[in-house]
2 protein chains.
Amino acid sequence: MLISEYTVEQLERAASMLKAIAHPMRIAILNQLENGKRLTVTQIHETLGIEQSTASHHLGILRDKDVLVAKREGKNTYYSIKHERLNTLIECISTCACE
Amino acid sequence: MLISEYTVEQLERAASMLKAIAHPMRIAILNQLENGKRLTVTQIHETLGIEQSTASHHLGILRDKDVLVAKREGKNTYYSIKHERLNTLIECISTCACE
DNA sequence: AGATCATATCGGCAAATTAACATATCAAAA
DNA sequence: TTTTGATATGTTAATTTGCCGATATGATCT
């Protein structure tokens, strides 16, 4: 079934990605990862001043919804933005909120 | 206080806008309103096949979070996208979800 | 004022989310 | 294999959400 040229599945997938992003701390995380930067859980948790488990939790949500990809390298897991196009979205919402 | 070049308030505002958008039915609504289109509550409720009260509810959420603007004209209330830039965001998330 | 169309709000309940903390797993080094 | 650093998961309970039907408000016409 189609609703407005997209299927229900596509709408749900889009919503779940957006929902993952729609959190102040996760937007802050995404700002840190703009333009292809890669950071570990510890770097995020230290930079943003949040609990390690909280950082991991937020990163996990973003990974599960295909916003970020994780790559384990030794003890560390590096996170980065999965789709180039998402940089546009981050920038867009950040500037929209500043008016 | 600043987190990643944005204030907490800006991050919260961005998150609350995104949260408003992050719902399958509301993304469908925004698709209907792309590129400056204006629609009434009844048009939305009939086009998308949802209850009138549900349509009004979703539109209210989007208006409250500054995603849409409402303009009353006689019996009808016309809704439309508030910031041009949001069209980019809608398109971006819709295409991201189609891969 | 009364009738009718359009929109907004209320009450209720099941379902989904959230935050915070403790704990568990994984990887390398000693 | 024990220890330590790094990351991931589980468990709570409190809050929030979505949807529905019903009802209330607003606007226009007779």
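Since the model is a prediction, treat every value here as computed from it, not as a measurement. In the text below, chain A, chain B and the rest are named by the order of the sequence lines, each starting its count at 1.
Y79(A) comes within 4.0 angstrom of the backbone, heavy atoms only, and of no base. Across all strands shown, Q52(B) has heavy atoms under 4.0 Å from base atoms, whether or not it also approaches the sugar-phosphate. Nucleic acid contact for T42(B): sugar-phosphate only, since backbone atoms but no base atoms lie under 4.0 Å from a heavy atom of the residue.
Of all heavy-atom pairs between L62(B) and I29(B), the closest is CD1-CG2, 4.3 Å.
Where G74(A) and H58(A) meet DNA chain C, the nucleotide closest to each residue was compared, and H58(A) sits on the side nearer the 5' end. When each of T40(A) and K75(B) is assigned the nucleotide of DNA chain D bearing its nearest heavy atom, the one mapping closer to the 5' terminus is T40(A).
Close to dT17(C), at under 4.0 Å from its OP1 or OP2, lies no side-chain N or O of K19(B). Between N76(B) and the phosphate of dA27(D), there is no side-chain N or O to OP1/OP2 separation shorter than 4.0 Å. R26(B) has a side-chain polar atom (N or O) that falls below the 4.0 Å cut-off from OP1 or OP2 of dG18(D). Between dA8(D) and T77(A), a contact under 4.0 Å exists linking OP1 or OP2 to a side-chain N or O. Taking 4.0 angstrom as the limit, T54(B) places a side-chain polar atom (N or O) nearer than this to OP1 or OP2 of dC20(D). Close to dT17(D), at under 4.0 Å from its OP1 or OP2, lies no side-chain N or O of H57(B). Close to dA8(D), at under 4.0 Å from its OP1 or OP2, lies a side-chain N or O of S56(A).
In this structure, the separation between NZ on K82(A) and NZ on K65(A) is 12.5 Å, given to the nearest 0.5 Å. To the nearest 0.5 Å, atom NE2 of residue H45(B) and atom NE2 of residue H57(B) are 16.0 Å apart. Note: L48(B) CG to Q32(B) CD = 5.0 Å, rounded to the nearest 0.5 Å. For the atom pair CG (L59(A)) and CG (D64(A)), the distance works out to 11.0 Å, reported to the nearest 0.5 Å.
Spacing between atom NE2 of H45(A) and atom C1' of dA6(D) amounts to 10 Å, rounded to whole angstrom units. When rounded to the nearest whole Å, the span between CD of E51(B) and C1' of dT23(D) equals 14 Å. Here the P atom of nucleotide dT7(D) and the CD1 atom of I44(A) are 10 Å apart, to the nearest Å. Protein atom CD1 of I29(A) is 14 Å distant from nucleotide atom C1' of dT7(D), rounded to whole Å. With rounding to whole Å, I27(B) atom CD1 is found 15 Å from dG18(D) atom C1'. Between D64(B) atom CG and dT16(D) atom P the separation is 16 Å, expressed in whole Å. For the pair I61(A) CD1 and dT7(D) P, the interatomic distance rounds to 17 Å; values are reported in whole Å. Between the C1' atom of dA8(C) and the NZ atom of K71(B) lies a distance of 19 Å, rounded to the nearest Å.
Ranking dT7(D), dT7(C), dT9(D) by closeness to the R72(B) side chain, first place goes to dT7(C). Distances from the side chain of R63(A) to the nucleotides dT9(D), dT9(C), dC19(D) place dT9(D) closest.
In this structure a side-chain-to-backbone donor-acceptor pair under 3.5 Å is missing from T47(A) to I44(A).
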